Chemist: 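Before I ask anything, here is the structure I am working with.
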Amino acid sequence: MAAILLIEDDPLVRRGLQLALTRHGHEVRTAEDGETGLRELAGAPPDIVVLDVMLPGIDGFEVCRRIRDSGAVPVIMLTARSDDFDVVHGLAAGADDYVIKPAQPTVLDARIRAVLRRVGVEPDGVLGSGELVINPVAATVSLAGAPVALTPTEFRLLLTLARAPGRVFSRQQLLELVWEHDYLGDSRLVDNCVQRLRAKIEDSARVPEHVQTVRGFGYRFGPG
Amino acid sequence: MAFVLVTGLGAVAATWASAGSARAALLGEAQQRLTGELTARIAAVAAQVSFPPDQGVLERLRAAVGDNTVVSFVDQRAGAGAERAAEALRGGVRERNRLVWQRVDMDGPRLLIGTPVMITGVDGRRMPSGIEVYAVRDLAGTQAQLDELTMAAARTSAIALPLAVLVALLAAGGVLRPVRRVRDTARRLAAGDLDARLPVRGKDELAELAGTVNEMAGSLQHTVAELRRLEADARRFVADVSHELRTPLSTLAAVSEILQGSSAELGPAERESAELAVAATQRLVRLVEELMEVSRFDAGMAQLRVEPVEVGGAIRDCLRARGWLDRVRTELPEPVPARLDRRRLDVILANLVGNALRHGGPPVTVTLRAEAERIEIEVTDRGPGLPESVLPHVFDRFYKADAARSGAEGSGLGLAIARANARLHGGELTAANRQGGGACFRLVLPREAT
């Protein structure tokens with residue numbers, strides 16, 4: 001169903017996940033460290049990358065950053081849950097989601113499908129605010145005429161907010177709408193994504209023009 | 001301060017005590033002199049006294065003794081100026097038949113003296129003649145001396161007192177300050193500052209005490225450091241083991257699903273084996289997750305991530321996510337906004353409701369009550385309840401109540417984690433039995449967790 005690149009250094013975990021994900025209908029390629037993974041990525045881009053945090057050589061955070069720099073391939077990080085640190089850093093590095101080890105393949109599969117669904121393009125009219133233009137059909141965003149490269153998650157977050165300008169969304173609502181997590185949401189997922197989005201579409205992240213924070217509640221789209 | 005006060009009082013008391021004894025000596029000497037003079041004068045005249053005396057004899061006797069004298073015999077009297085003395089002393093003189101005196105303040109200090117005149121009888125015995133002499137003598141001279149003495153004492157005090165206070169302060173510095181330092185150091189040690197030490201100066205008892213306190217602090221520090229190291233080692237071991245277990249578990253979790261999915265193609269024994277392996281793997285996964293959570297709490301690494309939560313909605317989300325909505329009755333007033341860690345609230349609820357469904361009897365009820373400052377969530381069931389002997393231990397780690405409650409599921413850490421999560425919020429989780437059967441777990445959380 002999807003072409004997955006699994007970057008995981010432990011051979012048993014790698015093989016186990018490969019078997020399980022293949023059984024869920026995916027086509028799984030594997031890489032045993034970050035460098036190999038990035039080379040694989042450059043050769044034939046997969047639909048999604050599943051990335052272990054603890055890797056020999058360059059670690060998962062760095063791999064994630066480089067994937068982000070090179071394009072819009074979504075990334076799910078496999079993290080050791082013990083370390084909230086991993087989650088925060090993984091999200092800050094641009095991960096679209098994270099799955100806690102030991103990962104149940106069913107959960108991992110569900111997350112992969114959810115992330116991939118976000119790439120889906122919907123037949124809406126062009127949306128915009130000021131110099132920001134969002135084209136839901138082509139899944140592109142431009143700022144003052146210049147294209148802005150967003151990850152699928154960032155795009156979907158922006159689209160969700162922009163479709164209802166002025167409406168306030170709670171973090172939980174955004175989790176359900178954008179990430180399709182129906183419960184146990186992690187508000188950091190939302191906050192980190194908003195931060196990355198602002199870095200790309202706002203002139204000043206401290207005085208945002210498009211995505212506003214509503215203190216104690218959530219976010220809304222529109223001029224402050 | 002008390003020390004200074006005591007020293008000052010001591011100095012004043014010493015001055016006044018010496019002034020007092022000097023005063024007593026002076027007065028004693030003056031009395032001695034005056035009474036001696038009186039008896040001498042009486043003795044000089046007494047030999048020529050004829051008995052019984054007539055008025056002339058009395059007059060002579062009075063003249064010999066001096067002014068301010070009364071000489072009396074039965075109802076005759078001679079002289080003047082000592083009536084008060086006669087009045088005051090007559091009883092004493094007659095009763096005791098010897099010289100009596102009294103110091104009085106009568107227009108200034110006066111000494112009243114009264115004495116019987118003794119005669120020697122034919123048998124050689126001395127006996128009272130019935131003649132009594134009363135005299136008043138002035139003590140003004142002595143009083144002047146005394147006043148001077150008092151002034152001197154006051155002057156001495158005035159000079160000595162500041163000196164004494166100064167000395168007291170110096171002494172306090174020498175004794176009290178080191179004692180205070182010992183006290184402060186002991187307090188710091190008690191408060192956990194094991195680096196607290198005392199400066200050791202000199203070779204006196206205080207220096208010795210300081211040395212002993214330092215030794216004690218040193219051995220305390222050593223022991224505590226050792227204990228902390230052992231504890232940290234144990235904690236790190238648990239964390240490391242949990243962490244290391246996760247890698248093989250990832251593989252097991254991945255492939256056990258494949259086993260589960262392909263069990264239809266297996267024979268009965270193989271299928272049961274596969275199912276057992278899958279169940280054991282799932283339990284192992286949970287155990288490791290919970291062990292890691294516990295070691296995080298133990299290491300003080302657990303952090304609260306507070307966000308606005310509508311509690312009723314969060315309870316429903318928790319039940320819906322686990323497919324419990326139609327098995328659990330809820331009494332949720334709405335809306336109940338609070339600021340909590342949503343994930344930790346979910347962990348607590350899932351544990352309590354899961355336990356009630358597994359071990360308790362239906363119906364399982366979740367009740368939410370909101371107060372101004374806090375929220376209260378009760379999870380109750382109508383099962384057999386908890387044995388009284390088990391109640392105090394339900395939150396202990398790995399405490400298995402009895403065969404009935406130690407099902408195949410559950411790690412024995414769930415309730416310990418739930419309570420730790422409640423306390424992390426500044427709340428509390430308690431267990432009790434309901435009247436009429438069934439267990440009741442009561443979670444109290446502040447509405448504004450910090």
Side-chain angles (χ1 to χ4, degrees), chain A residues 6 8-25 28 50 52-54 78-88 99-109 168 170-176 181-191 214-218, chain B residues 238-240 242-262 278 281-282 284-289 291-296 299 301-303 305-310 313-322 337 339 341-347 349-350:
Chain A
L6 171 66
E8 160 69 64
D9 60 320
D10 188 281
L12 290 177
V13 177
R14 197 164 62 228
R15 185 65 188 139
L17 280 177
Q18 189 178 22
L19 281 171
L21 288 175
T22 305
R23 216 181 154 78
H24 277 284
V28 184
V50 176
D52 185 25
V53 170
M54 296 216 277
L78 278 177
T79 77
R81 174 181 154 176
S82 64
D83 316 311
D84 277 1
F85 175 86
D86 284 5
V87 175
V88 173
V99 173
I100 291 148
K101 279 182 162 187
Q104 296 288 338
T106 317
V107 174
L108 184 55
D109 173 60
V168 182
S170 73
R171 291 175 176 81
Q172 184 66 22
Q173 285 170 322
L174 288 172
L175 271 171
E176 286 165 21
H181 289 188
D182 58 349
Y183 85 106
L184 264 192
D186 195 324
S187 56
R188 286 174 303 188
L189 211 56
V190 182
D191 293 341
V214 180
R215 262 187 77 85
F217 194 74
Chain B
V238 172
D240 288 351
S242 313
H243 209 270
E244 287 306 312
L245 278 175
R246 217 166 23 190
T247 304
L249 266 185
S250 291
T251 315
L252 271 180
V255 296
S256 77
E257 263 193 18
I258 299 174
L259 272 182
Q260 201 172 21
S262 54
V278 169
T281 305
Q282 281 169 356
L284 203 55
V285 167
R286 269 194 60 178
L287 177 64
V288 168
E289 265 173 26
L291 265 178
M292 295 193 45
E293 186 72 10
V294 162
S295 68
R296 211 163 19 244
M301 299 273 285
Q303 281 181 345
R305 286 208 318 276
V306 174
E307 57 183 314
V309 175
E310 200 285 294
I315 292 173
R316 255 195 306 278
D317 286 347
C318 169
L319 300 178
R320 189 188 313 122
R322 291 169 179 82
R339 290 181 59 80
D341 185 323
R342 190 187 179 93
R343 188 175 61 91
R344 295 191 187 279
L345 175 65
D346 187 85
V347 167
L349 287 171

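Not measured: the values here are computed from a predicted model. By convention in this document, chain letters (A, B, ...) are assigned in the order of the sequence lines, proteins followed by strands, and residues within each chain are numbered from 1. The basis for the numbers below is simple: all heavy atoms, side chains too, and nothing from hydrogens, waters or symmetry mates.
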Chemist: Measure across T247(B) and V13(A) and return the closest heavy-atom pair with its distance rounded to 0.1 Å.
Modeler: O-CG2, 3.1 Å
Chemist: Any chance you could measure R246(B), atom CZ, to L78(A), atom CG, to the nearest 0.5 Å?
Modeler: 10.5 Å
Chemist: For R188(A), enumerate each residue passing the side-chain hydrogen bond (donor to acceptor under 3.5 Å, both in side chains) test, keeping only those at least two apart in sequence or located in another chain.
Modeler: D186(A)
Chemist: Tell me, out of R23(A), E8(A), R14(A), who's got the most heavy-atom pairs with chain B below 4.5 Å.
Modeler: R23(A)
Chemist: Looking only at heavy atoms, what is the nearest atom pair of L19(A) and V255(B), with distance?
Modeler: CD1-CG1, 4.5 Å
Chemist: Closest approach of I258(B) and A20(A), non-hydrogen atoms and distance?
Modeler: CD1-N, 3.5 Å
Chemist: Shortest non-hydrogen contact from A254(B) to P105(A)?
Modeler: CA-CG, 3.3 Å
Chemist: Give, as side chain, backbone, both or neither, the part of T106(A) having an atom under 4.5 angstrom from any heavy atom of chain B.
Modeler: both
Chemist: Quick check: closest heavy atoms across A253(B) and A103(A), and the distance to 0.1 Å?
Modeler: CB-O, 3.8 Å
Chemist: About how many Å separate NZ of K101(A) and CG of L249(B), when rounded to the nearest 0.5 Å?
Modeler: 11.0 Å
Chemist: Does the side chain of Q172(A) come within less than 4.5 Å of R342(B)'s, by heavy atoms?
Modeler: yes
Chemist: Mind checking what makes side-chain hydrogen bond (donor to acceptor under 3.5 Å, both in side chains) contact with R171(A), not counting sequence neighbours?
Modeler: D191(A)
Chemist: If you count heavy-atom pairs under 4.5 Å with chain B, which of Q18(A), Q104(A), R15(A) comes out on top?
Modeler: Q104(A)
